[in-house]
There are 2 protein chains.
Amino acid sequence: MPRAGLDRATVVATGAALADEVGLANLTMGSLAERVGVRTPSLYKHVGGQDDLNRRIATLALSELADAIGTAVQGYAGRDALAAAARAFRTFVLEHPGRYAATLGVEPSGPNDPMALGSRRLLDTFTAVLRGYHLDVSDVDHALRMLRSLCHGFATLQGANGFQWSADIDESFEWLIAFADRGLRTL
Amino acid sequence: MPRAGLDRATVVATGAALADEVGLANLTMGSLAERVGVRTPSLYKHVGGQDDLNRRIATLALSELADAIGTAVQGYAGRDALAAAARAFRTFVLEHPGRYAATLGVEPSGPNDPMALGSRRLLDTFTAVLRGYHLDVSDVDHALRMLRSLCHGFATLQGANGFQWSADIDESFEWLIAFADRGLRTL
DNA sequence: CCCTTTTGGTTAATGGCGTTAGCCAAAAGC
DNA sequence: GCTTTTGGCTAACGCCATTAACCAAAAGGG
């Protein structure tokens, strides 16, 4: 029996890719084992179990999402930065629905949890975007939550086919960015 | 063996209640059977299976949600109507997380699907709320999607403990309503 | 370079879940 | 009152996550 040369990072990355393909709910230890070319119990040599796998996928996803938005925002400020961040967020969620789903409902175990680091980087990027609007300090937290709700809500609803009727979805998203921008500029 | 006097509506309603208590993902046929006082296979006399149960819970939830928001909005217009609708939405999602989760990712099978009726009633209520803002017709669809994204995003993030840091969450939601109202009034 | 230890794979088994089949008594209808 | 439908039951199957026990391959130290 030749070894498969597997390691934790490979297992997690393959799990993330598979979750994107078939949906997080359908990511099974059996299908993941088959994908990496190994029998199911072997996965437990690299990962604690399904829960642990989920947390690691979430950590990976948050890091990638923070990277993607951070990169997208570079060189922009104000409305352009807001638009770049929002578009990058939606693109990530639509291209990686399984990864993104893994980040929901998972709480960091402590302040040293690498997942918390990803969350913080993501938050910092959005905070930087808001800096261009020179908001009152008392508004910043609320504005952050508003942006997060808008982006999360729009992207997950679109991913769940929650927008049934006619109008063009991309157009709606651009409209929504403009709406948020106008509101933030007139605070 | 005395009969349990069960019927479909009872099974679905109990399933919805149980989903709210333990989370939709933890709603198991076994636990539901126990709750209604019957062995697991007996449930299949009233419901097609887990998928069918989920659809029926979703249908119930959409109907209840449409009722709740419709009632909350009565007698109000403009900003007051918007606030009432948004608060009713969030309250419903927080009080009935399992029911609401059941509505996501379930597509109506056809135009006669009773679930589609609930969706439409919900949509109509929000459309009525927007009427108070006298929007340009070309803006209505986008504004509806914006409101839906905001309410859905905020409520589900709060439900998933997605808001970790300090500021008061109720205050953020009121801020968000005010933000949306201001934006809609200045279109 | 062999001998030992760690590592990463295996098969077998357990227990929980959804679901189906087949049975049988209670209710409903003629 | 007899027949049919209905709503419960037990038994069984297959899938899934997980654990235990085992064993070969790599790694590493004399």
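These numbers come from a predicted model, not from an experiment. Values reported hereafter were calculated over all heavy atoms of this structure, with side chains retained and with hydrogens, waters and symmetry mates removed. Note on naming: letters A, B, ... go to the chains in the order of the sequence lines (proteins, then strands), and numbering restarts at 1 for each one.
If you measure from atom CG of Leu32(A) to atom C1' of dC15(D), you get 16 Å, rounded to the nearest angstrom. Computed from coordinates, the Gln50(A) CD to dC16(D) P distance equals 11 Å when rounded to whole Å. A straight line from CZ of Arg8(B) to P of dG8(D) spans 13 Å, rounded to a whole angstrom. Between Met29(B) atom CE and dT20(C) atom C1' the separation is 12 Å, expressed in whole Å. Whole-Å rounding puts the Asp52(B) CG to dT20(C) P distance at 12 Å. Between the CD atom of Glu34(B) and the P atom of dC9(D) there is a distance of 13 Å, given to the nearest Å.
In this structure, Asn54(B) contributes its side chain and Gln50(B) its backbone to no donor-acceptor pair below 3.5 Å.
Separation of the Tyr100(A) and Phe89(A) ring centroids falls under the 6.0 Å cut-off.
Contact of the Arg148(A) side chain with the Phe126(A) side chain is not registered, since no non-hydrogen atoms from C-beta on lie closer than 4.5 Å. By the 4.5 Å heavy-atom criterion applied to side chains, Arg87(A) and Ile177(A) are counted as neighbours. Between Leu187(B) and Asp136(B), every side-chain heavy-atom pair lies at or beyond the 4.5 Å cut-off.
The side chain of Tyr44(B) lies closest to dT19(C) when the candidates are dT19(D), dT10(C), dT19(C). Here the side chain of Val38(A) is nearest to one of dG8(D), dA17(D), dT10(C), namely dT10(C).
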Polar atoms only, N or O, under 3.5 Å: list the protein pairs with nucleotides 3-7 of chain D and their distances.
unit_1	atom_1	unit_2	atom_2	d
dT6(D)	O2	Arg3(B)	NH2	2.6
dG7(D)	O4'	Arg3(B)	NH1	2.6
dG7(D)	N7	Lys45(B)	NZ	3.3

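Ion pairing of Glu21(B) with Arg35(B) is present here, as a side-chain N (NZ or NE/NH1/NH2) and a carboxylate O approach within less than 4.0 Å. Between Asp52(B) and Arg8(B) no salt bridge is recorded (no basic side-chain N to carboxylate O distance below 4.0 Å).
Taking only side-chain nitrogens and oxygens, Thr40(A) never comes nearer than 4.0 Å to OP1 or OP2 of dT18(D). Applying the 4.0 Å criterion to OP1 and OP2 of dG9(C), one finds that Arg39(A) has every side-chain N and O outside that range.
The number of heavy atoms from other shown groups lying within 6.0 Å of CZ (Arg182(A)) is above 12.
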* Quick one: do Thr127(B) and Asp124(B) satisfy side-chain hydrogen bond (donor to acceptor under 3.5 Å, both in side chains)? Show the steps, please. => CA-CA 5 Å; Thr127(B) 309; Asp124(B) 289 348; 4.8 Å; no

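Axis angle, first five pairs versus last five pairs of the helix from dC1(C)-dG30(D) to dC30(C)-dG1(D): 0°, rounded to 10°.
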